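Presented below is the structure to which this report refers.
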Amino acid sequence: MAWQRVASRSAIPDGGVVGATAGETPIALYAIDGRIYATHGICTHALALLSEGWVEDGKIECPLHQGQFDIRTGKALCAPLEKDLRTYAVKVDGDDVFVDLAAQGAS
């Protein structure tokens, strides 16, 4: 798959999360320590939008059952999560943020 523009860098608050789509795939975009990360936008445990969750210390907490994922690696960190979260490669060009759904994000 190819790079797809999904958001403006300026729309992603530092230390925060926003939801976007790449084609029909929901994604969550995070700005942490000056870097942008992208994960699948839906929790692997239940159908909750991670963009409605809380970011803290490089983790996203699902708003539904408080499970946490490592944003950089997608690793499920606690119950009730049992499955890791898909991460995507990101590149930023000026104010444009692109993701490649076929490439895993760098951890």
Side-chain angles (χ1 to χ4, degrees):
M1 195 163 251
W3 292 103
Q4 299 178 59
R5 185 188 181 283
V6 293
S8 296
R9 168 59 185 99
S10 57
I12 308 167
D14 290 331
V17 58
V18 296
T21 57
E24 295 183 18
T25 302
I27 60 172
L29 298 166
Y30 314 86
I32 301 173
D33 298 329
R35 243 183 116 181
I36 304 298
Y37 297 89
T39 68
H40 195 275
I42 306 291
C43 179
T44 59
H45 171 253
L47 294 176
L49 291 174
L50 293 176
S51 61
E52 295 177 1
W54 299 271
V55 175
E56 186 175 358
D57 296 327
K59 298 175 276 196
I60 181 70
E61 182 177 305
C62 175
L64 195 56
H65 294 111
Q66 292 72 49
Q68 295 180 350
F69 296 97
D70 183 299
I71 291 168
R72 293 169 181 90
T73 65
K75 180 153 182 64
L77 300 173
C78 62
L81 306 175
E82 295 179 359
K83 184 177 177 188
D84 293 344
L85 188 63
R86 176 89 164 99
T87 62
Y88 303 113
V90 174
K91 73 175 180 178
V92 178
D93 184 6
D95 193 46
D96 295 321
V97 177
F98 298 85
V99 298
D100 184 344
L101 297 180
Q104 186 168 349
S107 57

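From a predicted model like this one, the values you see are computed outputs, not experimental measurements. All values below come from the heavy atoms of this structure, side chains included, with hydrogens, waters and symmetry mates left out.
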Spell out, yes or no, whether [X] and [Y] are grouped together once hydrophobic residues are joined by side-chain heavy atoms under 4.5 Å, including indirect joins.
{"X": "Leu101", "Y": "Leu29", "answer": "yes"}
{"X": "Leu47", "Y": "Leu64", "answer": "no"}
{"X": "Val6", "Y": "Val92", "answer": "yes"}

With rounding to the nearest 0.5 angstrom, report the [atom1] to [atom2] distance, [X] to [Y].
{"X": "Gln68", "Y": "Glu61", "atom1": "CD", "atom2": "CD", "result": "5.0 Å"}
{"X": "Phe69", "Y": "Cys62", "atom1": "CZ", "atom2": "SG", "result": "7.0 Å"}
{"X": "His45", "Y": "Glu82", "atom1": "NE2", "atom2": "CD", "result": "7.5 Å"}
{"X": "Leu50", "Y": "Ile27", "atom1": "CG", "atom2": "CD1", "result": "12.0 Å"}
{"X": "Asp33", "Y": "Arg72", "atom1": "CG", "atom2": "CZ", "result": "5.5 Å"}
{"X": "Ile42", "Y": "Leu85", "atom1": "CD1", "atom2": "CG", "result": "10.0 Å"}

Between Tyr30 and the options Val90, Val18, Ile36, Ile60, the side chain to side chain contact (heavy atoms under 4.5 Å, CB included) test singles out Ile60
State, to 0.1 Å, how close [X] and [Y] come at their nearest heavy-atom pair, and which atoms those are.
{"X": "Lys75", "Y": "Asp84", "value": "CA-OD1, 3.5 Å"}
{"X": "Glu52", "Y": "Pro63", "value": "O-CB, 3.5 Å"}
{"X": "Lys83", "Y": "Ala76", "value": "O-CB, 3.7 Å"}
{"X": "Ser8", "Y": "Val97", "value": "C-CG2, 4.1 Å"}
{"X": "Ala11", "Y": "Pro13", "value": "O-CD, 3.4 Å"}
{"X": "Ser10", "Y": "Asp95", "value": "N-OD1, 2.9 Å"}

Can Tyr37 and Thr87 be said to form a side chain to side chain contact (heavy atoms under 4.5 Å, CB included), step by step?
CA-CA 8 Å; Tyr37 297 89; Thr87 62; over 6 Å; no
Give me the ring orientation class for His40 and Tyr88: parallel if the planes are under 30° apart, tilted from 30 to 60°, perpendicular past 60°.
tilted
Qualifying salt bridge (Lys or Arg N to Asp or Glu O under 4.0 Å) pairs with a residue from residues 7-24, counting only residues at least two apart or across chains
Arg9-Asp14
Side-chain (Asp96) to main-chain (Arg5) donor-acceptor, under 3.5 angstrom:
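No.
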